[in-house]
Amino acid sequence: QLQLVESGGGLVQPGGSLRLSCKASGFTLDYHAIGWFRQAPGKEREGVSCISRGGDSTNYADSVKGRFTISRDNAKNTVYLQMNSLKPEDTSVYYCAAQRTPFLTWCTRRIHDFGSWGQGTQVTVSS
């Protein structure tokens with residue numbers, strides 16, 4: 001059974017850091033581009049970042065550029081989202097998603113391009 005499991009969320013003060021993990025089971029991430037998305041209460045889900053199969057291509061939403069870093073460790077079947085300088089407006093449920101692709105450099109933050117999703121992890125930034 002294909003499964004993505006996010007972890008690493010929690011409560012952090014403004015200016016703090018968290019590292020989210022997205023671990024796949026039942027399939028290998030080697031052939032998949034990965035996206036991180038978030039959804040705050042009452043708002044639409046938005047694309048935060050993506051990373052290509054080979055890890056050479058990444059993309060970030062303007063709101064997180066310079067603060068968030070996406071990376072992947074295919075040997076561990078895991079993708080990470082390092083979040084620094086967190087702000088209250090970063091408070092959301094964060095989801096990872098995977099999409100199999102033949103293209104090594106393909107990367108997108110469009111929700112409808114991804115077919116497999118995790119259940120999400122809550123990130124709350126508050127003093």
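All values derive from a computational prediction rather than experimental measurement.
- Judged by distance alone, the side chain of Arg72 and the main-chain N or O of Leu29 form a donor-acceptor pair under 3.5 Å.
- The side-chain contact (heavy atoms from CB on, under 4.5 Å) search around Arg45 returns Phe37, Gln39, Tyr95, Ile111, Trp117, not counting sequence neighbours.
- Annotation for Glu44: atom CD does not count as buried by contact number, only 12 or fewer foreign heavy atoms lying within 6.0 Å.
- With a 4.5 Å cut-off on side-chain heavy atoms, Gln99 and His32 do not count as touching.
- Proximity of Leu81 to Phe68: side-chain heavy atoms (C-beta onward) are separated by under 4.5 Å at one or more points.
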For this session: With side-chain contact (heavy atoms from CB on, under 4.5 Å) as the test, would you mind laying out the steps for Trp36 and Cys22 before giving the verdict?
Result: CA-CA 9 Å; Trp36 280 100; Cys22 171; 3.6 Å; yes
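- A distance of 7.5 Å separates OG1 in Thr58 from CD1 in Ile70, rounded to the nearest 0.5 Å.
- Under the side-chain contact (heavy atoms from CB on, under 4.5 Å) criterion, Arg53 pairs with Tyr31, Thr101, Leu104, sequence neighbours left out.
- Listed for the Thr121 side chain is no donor-acceptor partner under 3.5 Å among the backbone atoms of Glu6.
- Going from atom OG of Ser17 over to atom CZ of Arg67 covers 10.0 Å, rounded to the nearest 0.5 Å.
- Contact check for Thr69 versus Tyr80: no side-chain heavy atoms found under the 4.5 Å cut-off.
- Residues passing the side-chain contact (heavy atoms from CB on, under 4.5 Å) test with Leu11, sequence neighbours excluded: Thr124, Ser126.
- Listed here is the closest heavy atom pair of Ser127 and Pro14: N-CD, 3.7 Å.
- Cluster membership check: Leu2 does not share its hydrophobic cluster with Val5, using side-chain heavy-atom separations under 4.5 Å among Ile, Leu, Val, Met, Phe, Trp and Tyr.
- Remark: side-chain polar atoms of Lys23 are paired, donor with acceptor, to backbone N or O of Lys76 under 3.5 angstrom.
- Among the candidates Val93, Val64, Val123, Thr91, the single residue satisfying the side-chain contact (heavy atoms from CB on, under 4.5 Å) test with Arg38 is Val64.
- Hydrophobic clustering of Ile, Leu, Val, Met, Phe, Trp and Tyr side chains at less than 4.5 Å, counting indirect connections, keeps Phe114 apart from Ile51.
- Here Ser52 pairs with Ser57, Cys107 under the side-chain contact (heavy atoms from CB on, under 4.5 Å) rule; sequence neighbours left out.
- In this structure, OG in Ser92 is found 7.5 Å from NZ in Lys43, a value given to the nearest 0.5 Å.
- Shown here are the salt bridge (Lys or Arg N to Asp or Glu O under 4.0 Å) partners of Asp113, two or more places apart in sequence or in another chain: Arg110.
- A donor-acceptor contact shorter than 3.5 Å is absent between the side chain of Tyr94 and the backbone of Gly8.
- Under a cut-off of 6.0 angstrom, the local environment of CD in Gln119 is sparse, with at most 12 non-hydrogen atoms contributed by other residues, nucleotides or ligands.
- Shown here are the side-chain hydrogen bond (donor to acceptor under 3.5 Å, both in side chains) partners of Asn77, two or more places apart in sequence or in another chain: there are none.
- A salt bridge is defined here as a Lys NZ or Arg NE, NH1 or NH2 lying under 4.0 Å from an Asp or Glu carboxylate O, and Asp90 with Lys87 fails to meet this definition.
- Under the 4.5 Å side-chain heavy-atom criterion for ILVMFWY residues, no single connected hydrophobic cluster contains both Val79 and Trp106.
- Note that the CD1 atom of Ile34 and the SG atom of Cys50 stand 10.5 Å from one another [nearest 0.5 Å].
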